[in-house]
Amino acid sequence: MPPLRRRLFFGPPTAPASGLPVPHAVRGHEDMRTRFAPSPTGFLHVGGARTALFCYLQARAAKGVFILRIEDTDLERSTPESVQAILDGMAWLGLDYDEGPYYQTQRFDRYAEVAGQLLDEGRAYRCWCSKERIEALREEQMKLGQKPRYDGHCRDGAEPVAGVKPVVRFRNPLDGEVVFDDLVRGRISISNTELDDLVIARPDGSPTYNFTVVVDDLDMGVNLVIRGDDHINNTPRQINIYCALGAEPPAFAHVPMILGSDGARLSKRHGAVSVLQYREDGYLPEALFNYLVRLGWSHGDQEIFSRAEMIEYFDIRDVNRKAAAFDTDKLDWLNQHYMRSLPPGEVARHLRWHFKRMGIDPDQGPPLEDLVGVQADRVKTLKEMAEQSRVFYEELGDYDEGSAKKHLRPVAEEPLRAVGNRLADLLVWDPGRLNEAVRITAEERGIGMGKIAQPLRVALTGAAVSPSIDKTLWLAGRERSLERISRALAFIAARAAAM
RNA sequence: GCUCCCUUCGUCUAGCGGUCCAGGACGCCGCCCUCUCAAGGCGGAAACACGAGUUCGAUUCUCGUAGGGAGCGCCA
């Protein structure tokens, strides 16, 4: 049997009630090992993603190792699709791990081995209590205003019950207290009298969560456990198991969960909760990453961080204690920032993905880099950008009714025809010359830019909203522009004739 | 019910006993710019949950109260 590995990278997190072992120097320990351990029972949601991201950053900051472990012991609910969704989500966010993915289902022999060891040493025992008895016990205790827990009926030896396969329970200490210094919450202590003898193996021998985590983290040499704060209450039990195994517990950091914009627990009704849904909605991974890391963590007043800066500055101990509400407006702002500041080619790559999904051929129009340069500060998401740019890649459909009525009127005919002619004479189709052509046409007539730009805009895009007129012409291209101007002139003529 | 945990502008946060009649960011409001929509520039409103202590002095420390969250499984 392989020895249980012990690794320390800072002082013991457990301590007698006196003497505070201050966790020190999280950074700089080359042997730090963290892990992200999701259970594959659904997609990777933003809360889990943020936990993963903190594990990743902390490992990178300490030049340690980041491990991925899939906790799939729940055969009923775990699915290969979920595993894939987790892997895809992490890949999209750029969370690369150094070890794994390990799968708990492949380690059942090992859990059985350790459970057997605890049994042999008397640190665990078999329990034949029926579920009915446990149920009745719980009700009784609840009625008495007590915290429901196992009463230790089989703890000191019990007669096997014929035809019943026993569970294995961990023999939890009866007194004393468990104290640990959580890297984000500070000191947490709980009395052993609050804990009971938890089941570590079911009748069929399959292990339970609190037991597998300990065995895995020990075997994998994990010395810093970063996880959601819903596990705080499990930690003391786990620490007791570490001790029973004669091992040093790792350090713990419990990060708060993410709330919906209304402060309630994040759920589907808040819109996107799955990381991959954000990709579909048009967000850049850099934006979501930056948003998530700033949610509950900060470095002075800085809002924008490059990956290298995050790694340089991140320290799990700086993570906030309280749950944070997800704010889509701020994510939007970050997304726009990254659409404008990332290399256009990089943004274009993601944009291409959206075009394809929408059934638009990105090669039937201007280069996507040019499009990004023009549209990035006009939209919040790549999806919006693609939607608002179809006219540069596809045939123009019907004019927006209101826009056509307002701008494609007989008075617009002459200026539109004039600008069309001037554009047709242009030898070079670039924004500078295009702008000049429109401006001069307006000046010659002593009319405002808007008197020409708006009709032109409707002619080119079918609606009254688009990038500045020179950029719109530039993106539409010479051929499309001239053709659409002709069409608009015909439309105006037909309308005049009908009046 | 019991145990554990949390509490600064609407939201994310800075603050680690005096530097705070509390700073930044998103959002919001106003003005400017302007060929539309944006973007940009300038300005503005907006918070220490409450009550006791400790202290010369509390946003910062302690204890209560209120509010919120999590856990109490042969789920993870």
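Being a predicted model, the structure only gives us computed values, none of them experimental. No hydrogens, no waters, no symmetry mates; every other heavy atom, side chains included, goes into these values. By convention in this document, chain letters (A, B, ...) are assigned in the order of the sequence lines, proteins followed by strands, and residues within each chain are numbered from 1.
- A/Gln454 and A/Arg457 form a side-chain donor-acceptor contact under 3.5 Å, judged by distance and modelled atom types alone.
- Straight-line distance between the P atoms of B/rU11 and B/rG43: roughly 26 Å, to the nearest whole Å.
- Taking atom CG on A/Asn233 and atom P on B/rU3, their separation rounds to 12 Å, with Å as the unit.
- Under 4.0 Å is where a charged nitrogen must lie from a carboxylate oxygen, and between A/Asp204 and A/Lys165 no such pair does.
- Rounded to whole Å, the distance from NZ on A/Lys322 to C1' on B/rA47 is 10 Å.
- Using P as the reference atom, B/rG18 and B/rC61 are 12 Å apart when rounded to the nearest Å.
- Between A/Asn320 and the phosphate of B/rA14, there is a side-chain N or O to OP1/OP2 separation shorter than 4.0 Å.
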Let me see the working for A/Leu342 and A/Leu284 under side-chain contact (heavy atoms from CB on, under 4.5 Å), right down to the final yes or no. CA-CA 10 Å; A/Leu342 250 25; A/Leu284 287 163; 4.0 Å; yes
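- Across all strands, A/Thr73 comes closer than 4.0 Å only to sugar-phosphate atoms, never to a base (heavy-atom distances).
- For A/Arg138 and B/rC72, the shortest distance from a side-chain N or O to OP1 or OP2 is not below 4.0 Å.
- The distance between the ring centers of A/His231 and A/Tyr209 falls below 6.0 angstrom.
- Within residues 124-135 of chain A, the residues having any heavy atom closer than 4.0 Å to RNA chain B are, in order of number, A/Cys129, A/Lys131.
- A cation-pi arrangement is not found for A/Arg227 relative to A/Phe252, the charged atom failing to lie both closer than 6.0 Å to the ring centre and inside a 45° cone about the ring normal.
- Toward the 5' end of RNA chain B, the nearer of the two residues A/Thr208 and A/Arg185, judged by each one's closest nucleotide, is A/Arg185.
- Here A/Asp197 does not pair with A/Arg171 in a salt bridge; the nearest charged N to carboxylate O distance is not below 4.0 Å.
- As the counterpart of B/rG71, B/rC2 is assigned, both hydrogen-bonding distances of the Watson-Crick or G-U wobble pattern falling under 3.5 Å.
- When heavy atoms are screened at a 4.0 angstrom cut-off, A/Ser189 is found touching the sugar-phosphate backbone but no base atom.
- Among the atoms of the strands shown, base atoms are found under 4.0 Å from some heavy atom of A/Gln146.
- Closest to the A/Ile188 side chain, of the nucleotides B/rC74, B/rC5, B/rG69, is B/rC5.
- Test A/Thr328, A/Asp332, A/Asn335 against A/Tyr283 for side-chain hydrogen bond (donor to acceptor under 3.5 Å, both in side chains) and you get one pass: A/Asp332.
- For the pair A/Arg227 CZ and B/rA70 C1', the computed distance is 14 Å after rounding to whole Å.
- B/rA39 and B/rC26 have their P atoms separated by 11 Å, given to the nearest Å.
- B/rG27 sits 41 Å from B/rG64 when the P atoms are compared, rounded to a whole Å.
- Between B/rA38 and B/rU60, the two C1' atoms lie 43 Å apart (nearest whole Å).
- Whole-Å rounding puts the A/Tyr209 OH to B/rG71 C1' distance at 12 Å.
- Listed pair A/Thr41 / B/rA76 fails the phosphate criterion, with no side-chain N or O lying under 4.0 Å from OP1 or OP2.
- One atom, CZ of A/Arg321, and another, P of B/rU7, lie 6 Å apart when rounded to the nearest Å.
- Ring centroid separation for the pair A/Phe314 and A/Phe54 comes in under the 6.0 Å cut-off.
- Of the candidate nucleotides B/rC74, B/rA76, B/rC2, B/rA76 has the atom nearest to the side chain of A/Gln104.
- In this structure, B/rU65 forms a base pair with B/rA49, meeting either the Watson-Crick or the G-U wobble geometry with both donor-acceptor distances under 3.5 Å.
- B/rU3 atom P lies 14 Å from atom CD of A/Glu177, rounded to whole Å.
- Taking the centre of each ring, A/Phe211 and A/Phe170 stay at or above the 6.0 Å mark.
- Pair assignment for B/rA39 gives none, since no Watson-Crick or G-U wobble pairing has each distance under 3.5 Å.
- Across all strands shown, B/rG18 forms a Watson-Crick or G-U wobble pair, both distances under 3.5 Å, with B/rC56.
- Ring centroids of A/Trp474 and A/Phe392 are separated by 6.0 Å or more, keeping the two rings apart.
- Taking atom C1' on both B/rA14 and B/rC32, the two are 31 Å apart, rounded to the nearest angstrom.
- For B/rG41 and B/rU34, the C1' atoms lie 13 Å apart once the distance is rounded to whole Å.
- B/rC33: no Watson-Crick or G-U partner with both key distances under 3.5 Å is found in any strand.
- Side-chain contact check for A/Gln302 versus A/Tyr313: some heavy-atom pair is nearer than 4.5 Å.
- Contacts of A/His254 with the nucleic acid, taken as non-hydrogen atoms under 4.0 Å apart, are absent.
- Enclosure of atom CZ in A/Arg445 by more than 12 non-hydrogen atoms of other residues, nucleotides or ligands within 6.0 angstrom is indicated.
- Nearest-nucleotide positions on RNA chain B place A/Ile232 closer to the 5' end than the other of A/Ile232 and A/Val199.
- The distance between atom CZ of A/Arg35 and atom C1' of B/rA76, rounded to the nearest whole Å, is 11 Å.
- Using Watson-Crick or G-U wobble geometry with both donor-acceptor distances under 3.5 Å, B/rC26 finds its partner in B/rG10.
- Distances shorter than 4.0 Å separate none of the side-chain N or O atoms of A/Lys147 from OP1 or OP2 on B/rC4.
- When rounded to the nearest whole Å, the span between CG of A/Asn192 and C1' of B/rC4 equals 14 Å.
- Between B/rA46 and B/rC5, the distance separating the two C1' atoms is 29 Å to the nearest Å.
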Report, as a single string ordered 5' to 3', how protein heavy atoms within less than 4.0 Å touch nucleotides 24-42 of chain B: B base, S sugar-phosphate only, - not at all. BBBS-------BBBSSS--
